[in-house]
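Data block below; observations after.
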Amino acid sequence: MDYNFNEIEPKWQNYWRENGVYKVTNDTSKKHYYVLDMFPYPSGAGLHVGHPLGYIASDIYARYKRLNGFNVLHPMGYDSYGLPAEQYAIQTGQHPAITTEKNICRYREQLDKIGFSFDWDREVRTCDPQYYKWTQWTFIQLFNHYYDEESDKAMPIFHLVEKLKAEGKPLVDDKSWNEMSETQQQEYLMNYRLAYLADTAVNWCPELGTVLANDEVVNGLSVRGGYPVERKLMRQWSLRITAYSQRLVDGLEKVDYSDSLKEIQRNWIGRSEGAAVWFPIDAPASEVEKPVDLFMGQVNPKPATAFEIFTTRPDTIYGVTFMVLCPEHEMISQITTPEQKAEVEAYVSWAKNRSERERQAEVKKVSGVFTGSFAVNPLTEEKIPIWVSDYVLAGYGTGAIMAVPAHDSRDFAFAKHFGLPIRQVVAPSLEETSDPDTWTESMDAKVGVSVNSGFVTGMKVKDAMKAVIDKVEELGTGHRTVNYRLRDAIFSRQRYWGEPFPIYYKNGMPYTLPEHCLPLCLPEVKDFKPTPTGEPPLGHADKWAWNEKNCQVVENSKIDNVNVFPLELSTMPGFAGSSGYYLRYMDPRNDSEYFSKEAVSYWQNVDLYVGGSEHGTGHMMYARFWNKFLFDIGMAVTDEPFKKLINQGMIQGRSNFVYRSKNDSNLFISKNVPGREENTVPIHVDINIVDNDILDIAKFKEWRPEFKDARFELEDGKYVCGWEIEKMSKSMFNVQNPDDLVERYGADTLRLYEMFLGPVEQAKPWDTKGIEGVFRFIRKLWKLYIGDNDELKVEEGEASKEAKKIINQAIKKVSDDIERFSFNTSVSTFMITVNELTAAKCSKREVLEPLVVLVAPFAPHIAEELWHRMGHDGTVCDAQWPVCDESLLVEDTFTYPVSFNGKMRFTIELPANVSQDEAFAAVKAHEVGQKWLDGKEPKKVIFVPKKIINIVI
RNA sequence: GCUCUGGUGGUGGAAUGGUAGACACGAGGGACUUAAAAUCCCUUGACCGCAAGGUCGUGUGGGUUCAAGUCCCACCCGGAGUACCA
């Protein structure tokens with residue numbers, strides 16, 4: 001009888017569920033291993049075949065580890081807060097909680113059919129109050145901590161207060177801490193808290209009615225929806241992830257991520273070493289106001305009458321011919337001369353009103369304006385003009401640069417456009433200088449020697465950099481420094497479907513709810529849109545005020561700003577809930593703590609994390625930051641959350657097309673009919689009515705009413721469709737739903753096929769062409785164990801040497817493959833093994849039993865069935881991973897001389913204890929020649945695999 | 001532009017520096033069958049040859065090595081990330 005997956009797969013899925021086979025306990029007596037998938041956002045579209053790819057890979061690894069005696073934590077949950085459910089709610093009025101619940105049910109149903117070994121008792125959902133309680137709790141901790149540079153970790157904010165009290169230094173308006181009002185004190189602390197409220201230039205998306213984080217904006221458009229995004233100054237919550245910049249860079253050394261992902265993260269953090277240099281303003285000091293000093297206790301505070309610039313090329317300081325400020329720079333109005341005032345103001349307002357998209361689109365266009373003022377180069381004491389231009393960004397460095405047109409392409413373009421002088425200060429050698437006015441581009445490379453550069457002239461670029469910084473520090477006009485591109489993460493969203501902030505406002509200042517009052521549950525609202533006054537949707541809630549006295553959420557009408565205060569109206573962004581979920585899985589039902597000390601001490605952190613690389617700069621960065629903070633405050637026990645990361649490649653869709661005649665809209669011409677290309681237009685056709693590019697004509701006619709009367713011009717009696725690789729999407733009718741495949745071929749075939757498709761990490765188009773081959777393998781496997789009359793063919797007794805060798809080769813290969821995450825080659829090995837065992841007519845338990853265990857991680861259903869039929873009571877999940885008997889793999893064949901073309905090639909087997917190097921040396925020393933070649937000298941020695949060499953004489 | 005990836009048959013893809021193309025799909029041929037499905041067997045990188053066998057072959061050109069798809073240098077072409085980051 002053939003393998004009946006329709007009956008067997010559900011049977012074992014039920015068995016696993018009913019017997020709690022995948023339930024994991026925190027059994028500290030066993031070796032631990034934590035395999036995690038990035039939990040999905042349950043979208044309305046359901047899963048397509050791309051989603052389970054990573055889940056299958058991690059499931060195989062989890063099962064493999066379990067068979068090797070590990071206690072494996074392998075949980076799953078849902079990232080269930082997010083925009084799509086809310087957008088849907090705005091359109092339909094359907095509460096996001098209902099949509100989300102429905103989608104989760106659908107996801108669960110789909111996941112269950114594939115036979116994963118998830119411990120569903122540990123499921124978490126980010127929108128569950130019992131979960132987001134701890135998201136809110138972490139936020140409160142972030143609010144109550146600051147980054148202490150001295151100990152290089154987060155410390156409670158009261159430590160800072162103590163320090164400020166003790167120092168008694170003037171902080172704001174010449175007042176010391178004790179002299180400041182409470183509001184002033186709170187404002188001051190906002191500069192230090194790891195979660196803080198500040199006026200920030202944010203990415204405002206008018207269409208979505210919310211602000212977005214940097215990683216949620218690409219090319220000036222929102223990632224979700226693709227709407228334009230503007231820069232806007234708003235009072236927003238932010239997370240001070242920048243405090244962890246260095247540790248986020250350093251941590252990459254300790255983790256096992258792909259080089260490309262590490263590179264993506266390094267680029268995103270954008271660490272660059274260089275110097276901060278102060279260029280004094282060439283104007284009376286009295287005309288310049290003193291800015292607020294945020295750099296407490298720095299050795300040489302910047303004088304108020306100087307601009308601080310950041311440069312990675314201090315060696316070029318002798319080539320500075322002007323300075324440029326960003327249009328947002330706060331000192332522009334103070335330094336602009338009356339004559340230039342009108343022009344500068346016009347430029348600044350023009351620059352500020354430009355959208356992000358316009359600015360980015362016109363990067364090549366040079367614009368700017370002279371302020372009329374001058375600064376002094378601290379090394380040359382030269383007077384240089386100060387310009388304003390939007391090619392200098394407010395968000396990076398200090399928003400002011402020293403311009404070296406000869407050695408920076410942007411400065412070069414600016415100087416050329418405005419006719420500013422260009423001075424060469426770096427050249428290949430002292431002799432090889434030229435007139436920069438004749439150049440067509442600047443010399444940006446960091447190679448060569450300094451020229452025309454005072455005391456550094458003749459030094460190599462690297463040495464000159466160091467020498468200039470030393471000099472600058474000696475003169476007290478700047479210092480060595482490191483700059484990061486990373487920006488703080490904006491943490492407010494003007495949205496409904498997210499975690500509420502555990503924050504209320506007293507005198508306009510934020511205060512956190514006491515921890516024992518959590519969770520602060522998301523209130524009901526009448527409307528999911530912003531309020532008419534432009535407030536976030538929570539502004540519609542009637543009961544959204546905080547009674548400080550009895551710690552209760554009360555009606556807004558009771559707000560008196562004495563005992564009852566307004567609550568925060570924004571909610572947290574998507575990444576809030578996903579930043580620390582992996583820790584919660586360790587102890588998911590704990591009511592009194594995020595997770596217990598015991599649980600985290602046992603599981604430590606994630607051993608293997610599998611997910612898409614699209615989360616490289618978003619989720620991965622936030623999660624690492626979140627974990628480092630929890631580590632600092634003694635919650636997490638490791639500095640990095642994920643030891644090893646595998647990025648599964650995206651599965652693209654393979655679209656099919658039919659070709660509609662241009663003259664006759666009811667006529668469809670097959671792909672290879674001559675002249676088809678000129679006379680037709682391609683139309684996407686549902687891939688589910690196409691098989692191997694052959695259109696099912698009957699189904700096509702039913703597919704849509706307009707094709708009811710379709711006529712066809714065929715080739716060889718078939719209609720052949722065209723195809724193209726595109727993104728998998730509903731609108732292109734190329735979405736492959738895993739359920740359909742499970743129904744047709746079974747879960748085991750789907751699992752094996754997804755792995756067989758190619759390396760997990762590689763992006764690849766989905767194509768069902770090869771699935772038949774895998775399906776055939778499953779049936780062959782079955783037939784190896786089960787006869788035509790459903791009887792077990794497995795026999796006791798000793799297997800042949802040949803059969804033992806076959807299975808041991810498989811054990812070795814598959815174990816290696818799984819360790820290297822090369823699952824596609826494992827599937828090939830299974831196919832070879834089954835073919836060979838079938839050919840060898842092997843039916844001994846000694847060989848067939850280990851094979852079931854090898855296959856179990858990949859195809860658990862059939863493995864379980866065969867395991868039971870072979871007379872085992874327990875589940876195959878508790879079997880022992882077989883060990884390879886290497887002695888069976890040693891070749892013992894003899895070699896034969898083969899002659900051709902007048903040359904002789906000998907293949908000679910060497911004793912097992914002779915290494916290749918030794919063998920080669922021996923051959924060179926003619927020993928082999930004496931031994932085997934009747935004293936003839938070998939002309940050429942060729943090594944072929946392992947311990948065999950070829951000798952040509 | 002910069003950074004990271006990758007380039008192997010008709011297709012997906014195998015190859016710790018060691019017989020390139022495993023395995024699978026597709027294609028062709030055959031067996032079984034009244035027929036079909038299913039199953040099984042053979043062929044399948046290109047070229048030459050009746051054959052034995054030979055020659056050429058991993059984007060291009062060099063190099064290292066007894067030996068290179070694999071390592072090094074330069075270039076060409078895809079894919080991804082990032083982008084006025086000073």
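Lettering follows sequence order; numbering is per chain, from 1.
- A:Y753 and A:F756 have tilted rings, their planes meeting at an angle from 30° to 60° on a 0 to 90° scale.
- When the side-chain nitrogen and oxygen atoms of A:S822 are compared with OP1 and OP2 of B:rA14, none of them lie within a distance under 4.0 Å.
- Taking every side-chain heavy atom of A:R779 into account, B:rU39 is the closest of B:rC40, B:rU39, B:rU3.
- Comparing A:L261 and A:G399 by the nucleotide of RNA chain B whose heavy atom lies nearest to each, the residue mapping closer to the 5' end is A:L261.
- We find the CZ-CG distance between A:F322 and A:N377 to be 13.5 Å, quoted to the nearest 0.5 Å.
- Using a 4.0 Å heavy-atom distance criterion, A:K813 is classed as making no nucleic acid contact.
- Between the side chains of A:S272 and A:Y396, at least one donor N or O sits under 3.5 Å from an acceptor N or O.
- Figure legend. B:rC50 is base-paired to no nucleotide; pairs are counted as Watson-Crick or G-U wobble with both atom distances under 3.5 Å.
- Residues satisfying the side-chain hydrogen bond (donor to acceptor under 3.5 Å, both in side chains) test with A:K813, not counting sequence neighbours, are A:D817.
- Using a 4.0 Å heavy-atom criterion, one finds that A:S828 contacts the bases of the nucleic acid, with or without backbone contacts as well.
- Residue-level contact check: A:R271 touches neither bases nor backbone, having no heavy atom under 4.0 Å from any strand.
- B:rG61: glycosidic angle beyond 90° from 0, hence anti.
- Of the C1' atoms belonging to B:rG30 and B:rC77, the separation is 43 Å, rounded to the nearest Å.
- Residue contacts for A:S258: at a heavy-atom cut-off of 4.0 Å it reaches no nucleic acid atom on any strand shown.
- A sub-4.0 Å separation between OP1 or OP2 of B:rA15 and a side-chain N or O of A:R820 is present.
- B:rG17 and B:rG26 are spaced 33 Å apart, taking the P atom of each and rounding to whole Å.
- When Watson-Crick and G-U wobble pairs are counted only if both distances are under 3.5 Å, B:rU39 pairs with B:rA31.
- Going from atom CZ of A:F775 over to atom P of B:rC23 covers 22 Å, rounded to whole Å.
- Using a 4.0 Å heavy-atom criterion, one finds that A:Y484 contacts no nucleic acid atom at all.
- If you check every strand for non-hydrogen atoms under 4.0 Å, A:I832 touches sugar and phosphate atoms only.
- Looking at A:K262, its side chain does come within 3.5 Å of a backbone N or O of A:L252 through a donor-acceptor pair.
- Aromatic ring centroids of A:F414 and A:F412 lie 6.0 Å or more apart.
- In this structure, A:D444 atom CG and B:rA83 atom P are separated by 19 Å, rounded to whole Å.
- In this structure, A:D816 atom CG and B:rA22 atom C1' are separated by 16 Å, rounded to whole Å.
- Between B:rG13, B:rU3, B:rA24, one nucleotide has an atom nearer to the side chain of A:F756 than all others, and that is B:rA24.
- Here the separation of B:rG49 from B:rG12, taken at their P atoms, is 31 Å to the nearest Å.
- Heavy-atom distances to RNA chain B give each of A:I264 and A:K365 a nearest nucleotide, and the one nearer the 5′ end belongs to A:I264.
- A gap of 39 Å separates the C1' atoms of B:rU43 and B:rG62, to the nearest Å.
- Side chain of A:E263, nearest nucleotide from B:rU3, B:rA15, B:rG13: B:rU3.
- Backbone-only contact: A:Q762 has heavy atoms under 4.0 Å from sugar-phosphate atoms and none from a base.
- Distance check on atom P: B:rA20 versus B:rC84 gives 50 Å, rounded to whole Å.
- For A:R776, a side-chain nitrogen or oxygen approaches OP1 or OP2 of B:rU39 to under 4.0 Å.
- The nearest whole Å value for the distance from the CZ atom in A:F412 to the P atom in B:rC84 is 20 Å.
- Distances from the side chain of A:D390 to the nucleotides B:rC84, B:rG13, B:rA24 place B:rC84 closest.
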Step by step, would you call A:Y391 with A:D411 a side chain to side chain donor-acceptor pair (under 3.5 Å)?
CA-CA 9 Å; A:Y391 85 87; A:D411 297 344; 2.6 Å; yes
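- Residue A:N483 is classed as having no contact, given no heavy-atom separation below 4.0 Å to the nucleic acid.
- Among the atoms of the strands shown, none is found under 4.0 Å from any heavy atom of A:D411.
- Here A:I401 lies in heavy-atom contact (under 4.0 Å) with a base.
- The list of salt bridge (Lys or Arg N to Asp or Glu O under 4.0 Å) pairs with a residue in residues 394-408 of chain A, not counting sequence neighbours, reads A:D408-A:R410.
- Within the 4.0 angstrom heavy-atom criterion, base atoms lie near A:V392.
- Side chain of A:Y396, nearest nucleotide from B:rC84, B:rA86, B:rC23: B:rA86.
- Taking atom CZ on A:R654 and atom P on B:rG26, their separation rounds to 13 Å, with Å as the unit.
- Which of B:rA83, B:rC40, B:rC4 sits closest to the side chain of A:S260 comes down to B:rC4.
- Computed from coordinates, the A:I771 CD1 to B:rG26 P distance equals 12 Å when rounded to whole Å.
- Using atom C1' as the reference point in both B:rU16 and B:rA68, the two lie 15 Å apart (nearest Å).
- Between the P atoms of B:rG29 and B:rA22, the separation comes to 22 Å (whole Å).
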After noting the C-alpha distance and the side-chain angles of A:V855 and A:D748, does the key distance pass the side chain to side chain contact (heavy atoms under 4.5 Å, CB included) rule?
CA-CA 10 Å; A:V855 170; A:D748 287 338; over 6 Å; no
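- Rounded to the nearest Å, the gap between the P atom of B:rG45 and that of B:rG9 is 13 Å.
- The partner of B:rU16, taking Watson-Crick or G-U wobble pairs whose two distances both stay under 3.5 Å, does not exist in any strand shown.
- Contact annotation: A:N835 side-chain N/O to B:rC23 OP1/OP2 distance is not under 4.0 Å.
- In this structure, A:I651 places its CD1 atom 17 Å from C1' of B:rG79, rounding to the nearest Å.
- Checking B:rU44 for Watson-Crick or G-U wobble geometry (two distances, each under 3.5 Å) identifies B:rG26 as its partner.
- Residue A:P759 is in sugar-phosphate contact alone, with no base atom involved, counting any heavy-atom pair closer than 4.0 Å across all strands shown.
- Straight-line distance from the NE2 atom of A:H615 to the P atom of B:rG81: 13 Å, rounded to whole Å.
- Under the Watson-Crick or G-U wobble criterion, with both distances below 3.5 Å, B:rC4 is paired with B:rG79.
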